[in-house]
Structures are given as C-alpha cells and as structure tokens.
Amino acid sequence: MRRIVVTTALKYANGPIHLGHMVEDIQTDIWVRYHKMAGNECHYFCADDAHGTPIMIRAREEGITPEELIERAKREHKADFDAFMIDFDNYYTTHSPENKHFSELFFQRLLKAGAIVKHTVEQAYCEKDKIWLPDRFIRGTCPKCKAPDQYGDSCEVCSSTYQPTELIEPKCSVCGTAPVRKESEHYFFRLEVFGTKVKELIDSGYTHRSIGNKLDEWFKSGLKDWDISRDGPYFGFKIPGEDDKYFYVWFDAPIGYMASAQNYFERAGVDFEKIWNSPEYEIYHFIGKDIVYFHALFWPAMLMGAGFRTANKLFIHGFITVNGVKMSKSRGTFINASTYRKHLDPQYLRYYYAAKLTGGIDDIDLSLDDFVAKVNSDLVGKLANLASRSGPMLTGKLDSMLGELDEDGTALVKNIAAAKADILANYEKLDFAAVVRSVMALTDQANKYVDDNQPWALIKTDKEKTRKVLTAVLNSVRMLTIYFKPVLPVFAEKIEKFLNVAPLKFNDVESIIVNHKINVFERLVERIEQEKVNAMLEESKPAQAQPVEPAAPQMQYEELAPECTIEDFTKIDLRIAKVISAKKVEGADKLLQLELDLGFAKKNVFAGISKYYKPEELVGRKVVCAANLKPRKMKFGISEGMILAASLGDSEASVLGVDEKAQPGYRIH
RNA sequence: GGCGGCGUAGCUCAGUUGGUUAGAGCGCGGGAUUCAUAAGCCUGAGGUCGAAGGUUCGACUCCUUCCGCCGCUACCA
C-alpha cells in the first residue's frame, strides 16, 4: 500500500472559485479518489490563502475586518468545492496558529542557515491611506503606449511591463492620491544558497521536462534574493523580533500546505512530523503552470533551508480556455463555480475535464458545444442509457433478480474486467482522457451486446434467457461504473444503490454479481439543455458592462489626456524637419534610426515605427519633430527627439506630414 | 527580437521507442430496429497529419528553415 499526500494550490481569499481553479481540483480529486479506490492511503489538503494587501484593502472597503472577510471567503470556497465533490481531507486557512508556528520556524531556521539577509528597498507608499502599495495597487498612465489607468507592473493595452516608478502620474488605486517613494529595510531569502540543490532536484525529475527548460532560464540568469517581508499595516504574520514587519503572503502560503496537513493529522492523533518527513510517504503538489516559479524554486529552497523534505514531484497543468479563448468577463466565459452549479450538474464538468486531461501542461479548452455533445452522448446516451434500457426490464418483468451469465455475457464481462490494469495505469499517470476513451469503448461493446441479444424480443419467448442477458448488461454497468467512480462519484453512488451493492472499489471488477436482488431503477443523469448553458453564460456577463462592451468591436480610442494649459503646450517645441536618412536599427525589432534636418540643426532620432514604414518611404519626407525633448540614451545610441505619429493601439501608425510650404525649422504653434 | 508551447477529418482531441491502407468521439449521408433519458446498432463520406527541405529502405513521429496562433520576456523616446 502506498502512502500519499497531495495538495492543490491554495485559493486566494480575495475572490470566488471559477472554472479555471476547478481544472486543478477536479484533476486532483479524481487522482485522490483513484488512489483511495485502489486501496492506497491518500490524503488531500488545501487551504485558503488568506493574507496580503489585497485582502486588507478589500476588507477596509467593505467595512469589515480581514478576519471576517477570509472567514466568509473560506465558507464560499468550501461550498463550491463540496458541490463539485472535491473531497479534501482538510480545507484549512493560512491564517491559522499552525501556519504561524511553521512560518516562524521556517524563518528562524533559514536565519540560522545564513539564508536570510536584509536590504533596503524603496517602495511606493500612500500617505493618505497609510499603506505600502504593491504594484497592482498603483495605477497610472502607461509609459509606453500612454494608455491611462494601467496597473503599476504592466499595461493591459500594449502588454508591456515596467516598474511602477515609470508610470506617468501614478496614483494610489484606493484613494487616488499620488504615492510617495519611501525607503524601508526588508528581509530577503537568499535563494542562491540552495541553487545547486534545487537544480539537482529539478534535474532528477521533479517537474515535467518542458518545464525544466523554462527553469533553466532562471538558473542561467541567476537566482536573485527574494523579498519575504512587508511593512505594516499588513494582514499577515508578524516577523519575530520586529514591531511592524510581516511575512510576505507568498512566504507563508506554501507553508500552508504543511499547516493544513498538521491540523488534520493532529486531530486524527497522528504525528505530523513523522508523516511529512517520512520516506514512507509520497508528497505531490498539483499546481498550474502560472505558479511554477514559486513551487519549483522558492518552496523547495525554503524546505531545504528549514530542514524539511521536498515533494516527490510537481504535477503541472495548463490553463483553461472557454470556446478556444481565454476566459473573458465580457463574453460571459469567466464562469464562477457558483454560477455554474446554479445551472448545471458539477458531474458534467468533472466528466468533460476528465475527457480532456492528459497529464500534460497544455491548456485545455472547454468548448461549450463540445461539452454539451460529449456529456449527452457519452454519459447519457451510452452509459446511463445502458442501465436504463436493462434495469427497468429486470425490475418490472423479472422480479428484480439477477441470474447467471451465458457464454456471450461472460465474454463481455471478462473483456471489460481485462481493461483494469490499463485503466489504472492511465489514472496513475493522470491520463484521464485515455481512461474515458477506453471506458467508453467498453460501453459501446456493452450496448452492442444488448442489440445483438435483443432482450425486448427475447423476453416474449424465453424469460430465463433474457434474465441472463440482462445480468450481463447490469454487470457491465457495474464494472463501467467502477472505472468511472473517481470521475463520477454521485453517479456511482446511484448505481450502488440501484444494484444494491456496497461502495465499489477497483478490485470489484474482478467479481460479478449473480442471483442477486436489485432495487428499482432511478434516473442517473439528466441531459444538458443548451438553454441552461446559455443562461449560465448570460449570468456570467458583468452587470457593469460599460467599460468593455460598447467600444469593444473595433475602435478603442485612447482616453483623452488630462487637461493642460497653453503654457504646458508651449513647453514642447515642435518643428518641421526633413528626413535626410532612415535605416533599420541592427538588432532592434521596431526601431528606425532617422537623421533629421531642422534647418538650423541636425538631429539623430530613434522611432519605433519600423513595423509600419520602410526606411525608404520616409527619406525626403517632412515630418513633425518634438525638438526640445531631453535626449535619451537608448541601447542603440542617443535619441535627440521624437517624431509625431498617430495611431490607434498597436495595429497601425501614420507619421504626421505638413503642407509643402512649411520648411525645416519652422515652429509649430 | 529572445525563450517555450501549439498547429492531425466540419468540431474537440488520441497517435506509444519512426514501420504496412493515419485513429476516436461528436456532427453529416444511408440502412435495419424500437428495450431505453429522440438513446442504441450497422454502414458511408470526409485528412497531401501548418509549408518546404533534409536524415532514413521507410516520418504525423527525428533535424533545419519558414508561416500562423498562444504564453513569458524584451529596445517600441
């Protein structure tokens, strides 16, 4: 018997569970149920990730305490997971005494190991709200494309990334005042101390191979010290020996795996340390590819530094797309778990995800048309129908008694049982798509057996022979259900009740039930109606649909810049200039190097327009130049100005020209 | 631009260490049935496996280049 501990990524308490989260938890839950049914000891832990600035601010906005907020979030999260039959052994929170204990323990051990240092950092601080602002809480105009109201770390319009200090007119996203820069001393975790050991871990098969390549990039570029502290006010655990410094949320989050496990094992009267550090136990983390960095670098290094064992392996999955594209609020495809379950049976989603999951890191697509078709045809049309076309006949006309098997029936059932090893192997390697394919192929065989034997005709002439046929069919149903039980727990329960048998395990496929009384048949699953899917999408569309909806189709005009005075305007000295020469910049993607004649002077200017203009198209043209711009040193030289061009987003650009009369050097007023 | 991933029938996807006429489900056409949640069975059509080269006796499968989409990242003053 194997002993296994698995975790799924902690859920942030700041938002609801959506169908993207569910990929991971359904995948994991299926795997856990598979192990339990196979007779292994398997524990499944998760928790809410409850700390950090966003939660503190959200609570403030709602006028409640962070504790109240995270308590509510946890309740909602758990309700969603219960509805989707995610069978955690413990769903805990990082805001717990166990987690506090472990966080302090990790910190102290890392300190002792010489892996913690202090650096002074400069950060944005809002003097009005009296809080330090993470990048996401600073908003301002994108320094690259000038799109207004962008996050402090990246622009959603041009998708460039930058430092919050580069933002134009940065504002605190809570109160709108401009943040100030303040210095503070922070604790840093020296990752490089464990760099070699972590590299060895990864090389030994800790992650998927393709992920290993990605990780290599990080190793090559050098492991930087990781800032693990935050200044108060902050919702989290205070750092020992400090008055107003807290552990960064990502420091105590993965520790939450251990805290959740410990909380469970203590209640069960089991010594946690013996389990977590015991070679008898295998430990696996299921995560999405978005948080590989934390789980493949930081977390193993933390564990090593604190003297704990690392997990055996990370199981990494891809993202979910809906109808082939990223989940989108305006399309209504950003579907919360709570919205889904109002309209549709969670087992449908478990089945569909199972049919798509191969254990790889590719994104998986929830194609809603395919979803409806697959569930209706596989689950309803084939599997449920198999029971429905045989059960009622036995209960209605043959006293609900199973008989023996005939020769063909034995062959059918043996064939189904023979697939066990293969199916278990596919469960083991997370290739649930292969499981679904092979079980459905077996279901086809069973349906064919029904057609071949025509019990509806046979019963008119030979009741006992019919009983044999139906016994074979219902034994098939039982076995197919066993195979699907990790995916469809409620379906399996209904079959257990219908067939009047104890909870099914994998080993039960090796036996058959004969001369056995069954219960009356009840419907197992309902067909999906397209209207339900539509209603779910409709409800997922944002109520405050204004920002994205009307402008969305084509013309996304940039917002008008804040008002300025004529004095502001005249600060910029715009001149007519003639392009003397233009050439592509070697090694640069978007830059053209232009030599401009301003009449009284010549200037060297780099312009990011090579995507839109060939150099020869520009030579000889008169353009508008911002001539008094402070020269800027760029990678390829000094740019002494800027030429004006009009654009809409990223897709096009038009360099401004002038009437023939205007000569180089004329000023534009 | 760099790095990584993907590109197989109308749709969603399998294709194991390269080996005979490339598969499944759904959808579509035809047929025989009617027990069943308008489900099931038989059968047909449909793909130059993104493109072009190369390695090989032989490539969807390996290598190179290119095209298209996605992610991360960068020099768009």
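Every chain is numbered from 1, with letters handed out A, B, ... down the list of sequences. Hydrogens, waters and symmetry mates play no part in the numbers below; they use all other heavy atoms, side chains included.
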A:K622 atom NZ, over 12 foreign heavy atoms within 6.0 Å: yes
What is the distance, rounded to the nearest whole Å, between atom CG of A:D363 and atom P of B:rG71? 9 Å
Could you tell me the separation between the CG atom of A:N426 and the C1' atom of B:rA24, rounded to a whole number of Å? 15 Å
When the distance from OH of A:Y293 to P of B:rC72 is rounded to whole Å, what number comes out? 15 Å
Using the C1' atom on both, measure B:rG53 against B:rA59 and round to a whole Å. 14 Å
Return the value, rounded to whole Å, for the distance between atom NZ of A:K463 and atom P of B:rC35. 16 Å
In whole Å, what is the span from the CD1 atom of A:I291 to the P atom of B:rG71? 19 Å
Let me know, please, whether A:R437 or A:S390 comes out on the 5' side of the other along RNA chain B by nearest nucleotide. A:R437
Please report the closest heavy-atom contact between A:V450 and A:P455, naming both atoms and the distance. O-CD, 3.3 Å
To the nearest Å, give me how far apart CG (A:L474) and P (B:rC35) are. 18 Å
Give me the distances for all protein-to-nucleotides 9-12 of chain B N/O pairs that come in under 3.5 Å?
unit_1, atom_1, unit_2, atom_2, d
B:rU12, O3', A:K356, NZ, 2.9
B:rU12, O2', A:K356, NZ, 2.5
B:rU12, O2', A:D370, OD2, 3.0

Atom-to-atom span, CG of A:D422 to P of B:rG15 - whole angstrom: 13 Å
How far apart are the closest heavy atoms of A:W299 and A:H295, and which atoms are they? CB-CA, 4.1 Å
Judged by atom type as modelled, is there a donor-acceptor pair below 3.5 Å linking the side chain of A:Q27 to the main-chain atoms of A:L357? no
Using atom C1' in both nucleotides, what's the gap between B:rG10 and B:rA45 to the nearest angstrom? 13 Å
Can you label the angle between the A:F484 ring and the A:Y351 ring as parallel, tilted or perpendicular, going by 30° and 60°? perpendicular
Please state the P separation for the pair B:rG4 and B:rU64 - nearest whole angstrom. 11 Å
Between the protein and nucleotides 37-40 of chain B, list the N/O to N/O atom pairs that are separated by less than 3.5 angstrom.
unit_1, atom_1, unit_2, atom_2, d
B:rU37, O4', A:R523, NH1, 3.0
B:rU37, O2', A:R527, NH2, 3.3
B:rU37, N3, A:V525, O, 2.6
B:rU37, O4, A:L524, N, 2.8
B:rU37, O4, A:V525, N, 3.2
B:rU37, O4, A:V525, O, 3.2
B:rA39, OP1, A:R527, NH1, 3.3
B:rA39, O3', A:G381, O, 3.4
B:rA39, O2', A:G381, O, 2.2
B:rA39, O2', A:N385, ND2, 2.7
B:rG40, O2', A:R389, NH1, 2.8
B:rG40, O2', A:D451, OD1, 2.6
B:rG40, N2, A:D451, OD2, 2.8
B:rG40, N3, A:D451, OD2, 3.1

Rounded to whole Å, please give me the gap between CG in A:D362 and C1' in B:rG4. 12 Å
So with a 6.0 Å cut-off around NZ of A:K583, is the heavy-atom count from everything else above 12? no
Between B:rU12 and B:rU48 - C1' atom distance, rounded Å: 23 Å
Work out how far the P atom of B:rC41 is from that of B:rG27, and round it to whole angstrom. 12 Å
Donor-acceptor pair, side chain of A:N426 and main chain of A:V435, under 3.5 angstrom: no
Pairwise P distance for B:rC13 and B:rC75, with rounding to whole Å: 35 Å
Would you please classify the geometry between the A:W250 ring and the A:F294 ring as parallel, tilted or perpendicular, with 30° and 60° separating the classes? parallel
Using the C1' atom in both, what is the distance from B:rG25 to B:rU61, to the nearest Å? 23 Å
CD/A:E464 to CG/A:L458 distance, rounded to the nearest 0.5 angstrom? 10.5 Å
Donor + acceptor pair across side chains of A:Y34, A:E428 (<3.5 Å): yes
A:D406 side-chain N/O to A:K468 backbone N/O, donor-acceptor pair under 3.5 Å: no
Do the charged groups of A:D444 and A:K448 touch, with an N to O distance under 4.0 Å? no
Only stems of 3 or more consecutive Watson-Crick or G-U pairs count here, both distances under 3.5 Å; name the ones for RNA chain B, or none. B:1-7 with B:67-73, B:10-13 with B:23-26, B:28-31 with B:41-44, B:50-54 with B:62-66
P atom, B:rG23 versus B:rG47: distance in rounded Å? 14 Å
